[in-house]
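Encoded as structure tokens, the structure appears first; notes follow it.
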Amino acid sequence: MSQLTAALFALLAAYLAGWYLDAWHGNFALLLFVLTAVTFVYWLAERLRFKPAREAAVQQLESQDSARRAELARLGIDKVDGNLDEARAKLLAQPWWLDWTAGLFPVILVVFVLRSFLFEPFKIPSGSMIPTLVVGDLILVNKFHYGVRLPVINKKIIANHEPQRGDVMVFRYPVDTRIDFIKRVVGVPGDEVSYLNAELRINGQLVPSAAQPDAYDDESMRYMARFSEKLGDVEHRIQRFKQVLPFNPMQVRDFPGKDQCRYSAEGFVCKVPPGHYFMMGDNRDNSEDSRYWGFVPDENIVGRAFFVWMNFSSLGRIGAFR
């Protein structure tokens with residue numbers, strides 16, 4: 001068993017090294033599921049086989065010691081050397097391969113349950129959600145707000161709230177579902193979303209917005225126009241270039257439902273199909289979103305982002321956000 005366990009740890013180390021070196025895309029949800037399953041097998045074997053075997057060995061040792069002492073006492077020898085405490089402790093001790101598998105199972109199980117069904121941490125990798133979220137923000141995502149889903153396959157088994165306009169949502173990138181994206185929900189199923197000349201409309205109604213003071217953006221190294229915007233009941237901030245940029249339809253990928261969209265140099269008009277959502281970044285002129293790769297299907301939803309729990313460069317960013 002020790003050799004088998006060493007081989008499993010070697011495979012784990014190779015997988016993590018390849019992931020770190022970008023030799024392949026890692027899947028943390030799958031890795032955590034496999035670790036939970038493997039350590040559970042060891043934990044079960046420890047409870048049903050290995051621990052009872054060690055306890056039986058201790059009982060045999062104690063029985064042999066009692067028989068030896070009884071025989072010596074029959075011969076008139078009262079003083080007997082020997083202390084079983086050290087031997088008993090060695091017999092009961094877990095070998096390293098059980099300590100690092102069965103011993104870790106409860107911890108890994110708790111992490112697996114918390115991450116799969118309750119809350120999952122994410123790190124913001126890009127500036128597409130500035131000014132709401134910035135690079136380096138460590139956020140928490142509510143995994144059950146939109147319904148309980150099975151880990152790894154992401155299949156919904158219990159429904160809960162439906163995504164609403166204005167929600168900040170983490171989802172699997174439709175172009176490559178191994179990658180997680182975070183954007184704001186702009187359009188829900190049945191909505192007609194238009195973004196023409198930098199004006200956002202939902203079902204023909206202009207989304208309310210108000211100008212705010214310009215702000216310097218470190219990522220683009222220029223001053224950006226800031227606005228407050230209200231999507232549904234959610235008021236948040238967005239930013240874009242001061243001048244209205246033309247939209248380039250040539251940058252749009254082919255995607256399911258593209259026939260529901262019309263593109264021009266002024267922007268686009270899209271009808272959101274059933275079971276799908278239209279996502280946009282708050283950094284409107286620096287966000288790769290549904291304008292370019294299409295709608296997000298419900299089965300790609302990961303959860304609703306709601307809290308910055310750490311930013312090592314700016315502790316003042318810690319807190320809830322909308």
Side-chain angles (χ1 to χ4, degrees), residues 11-12 15-16 19 24-41 43-44 105-125 129 139-191 193 232 253-258 260 270-281 288-290 292-307:
L11 287 174
L12 175 61
Y15 178 79
L16 294 175
W19 187 357
W24 49 69
H25 282 286
N27 186 326
F28 188 74
L30 178 60
L31 175 62
L32 193 57
F33 173 76
V34 171
L35 289 176
T36 305
V38 170
T39 55
F40 172 69
V41 171
W43 180 85
L44 203 58
F105 169 68
V107 176
I108 295 176
L109 178 64
V110 169
V111 173
F112 176 73
V113 171
L114 288 175
R115 185 186 183 277
S116 300
F117 302 107
L118 299 177
F119 303 103
E120 182 175 354
F122 283 87
K123 181 178 180 180
I124 301 300
M129 284 296 291
I139 65 171
L140 283 179
V141 174
N142 186 323
K143 298 293 290 285
F144 61 86
H145 183 79
Y146 298 132
V148 177
R149 298 171 185 266
L150 293 176
V152 183
I153 62 175
N154 211 41
K155 180 177 178 57
K156 186 190 292 186
I157 55 174
I158 301 176
N160 199 1
H161 303 90
E162 297 296 327
Q164 302 295 314
R165 300 186 198 99
D167 287 356
V168 178
M169 191 166 77
V170 173
F171 54 92
R172 295 178 177 180
Y173 181 33
V175 178
D176 186 349
T177 55
R178 296 173 299 179
I179 302 172
D180 291 324
F181 268 28
I182 181 169
K183 307 289 179 187
R184 192 177 295 275
V185 179
V186 171
V188 298
D191 280 349
V193 179
R253 299 170 179 259
D254 288 329
F255 58 85
K258 188 178 180 181
Q260 301 296 311
C270 284
K271 181 78 170 180
V272 184
H276 290 72
Y277 300 89
F278 196 93
M279 314 296 298
M280 293 179 69
E288 184 183 352
D289 48 38
S290 288
Y292 304 101
W293 42 252
F295 310 105
V296 174
D298 182 79
E299 58 264 26
N300 284 35
I301 293 175
V302 174
R304 183 174 68 90
F306 70 100
F307 193 85

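Residue-environment remark: CZ (Phe33) stays at or below the threshold of 12 foreign heavy atoms within 6.0 Å. Environment of NZ in Lys123: sparse, with no more than 12 heavy atoms of neighbouring residues, nucleotides or ligands closer than 6.0 Å.
Of the candidates Ile108, Val110, Val111, Ile108 is the only one forming a side-chain contact (heavy atoms from CB on, under 4.5 Å) with Thr36.
Aromatic ring orientation, Phe119 versus Phe306: tilted (interplanar angle from 30° to 60°). Taking the six-membered ring for Trp and thresholds of 30 and 60 degrees, Phe40 and Phe105 have ring planes inclined between 30 and 60 degrees apart.
The shortest non-hydrogen separation linking Arg149 to Asp298 is NH2-O, 3.2 Å.
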**Request:** Output, in order, the C-alpha distance, side-chain angles, deciding distance and verdict of side chain to side chain contact (heavy atoms under 4.5 Å, CB included) for Val185 and Gln164.
**Result:** CA-CA 7 Å; Val185 179; Gln164 302 295 314; over 6 Å; no
**Prompt:** Should Tyr277 and Glu162 be marked as a side chain to side chain contact (heavy atoms under 4.5 Å, CB included) after you check the CA-CA gap, both sets of side-chain angles, and the distance that decides it?
**Reply:** CA-CA 11 Å; Tyr277 300 89; Glu162 297 296 327; 3.3 Å; yes
**Item:** Worked verdict on Ile139 versus Ile182 for side chain to side chain contact (heavy atoms under 4.5 Å, CB included)
**Value:** CA-CA 11 Å; Ile139 65 171; Ile182 181 169; 3.5 Å; yes
**Message:** What verdict does the ring pair (Phe, Tyr, Trp, His ring centres under 6.0 Å) test give for Phe144 and Phe117, after you've listed the backbone C-alpha separation in whole Å, the side-chain angles of each residue and the deciding distance to 0.1 Å?
**Reply:** CA-CA 6 Å; Phe144 61 86; Phe117 302 107; over 10 Å; no
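Proximity of a side-chain donor or acceptor of Asp289 to a complementary backbone N or O of Met280 within less than 3.5 Å is not detected. Checked by atom type and distance alone, the side chain of Lys271 pairs as donor or acceptor with a backbone atom of Gly190 at under 3.5 Å.
Residues satisfying the ring pair (Phe, Tyr, Trp, His ring centres under 6.0 Å) criterion with Tyr173, sequence neighbours excluded, are Phe181, Trp293.
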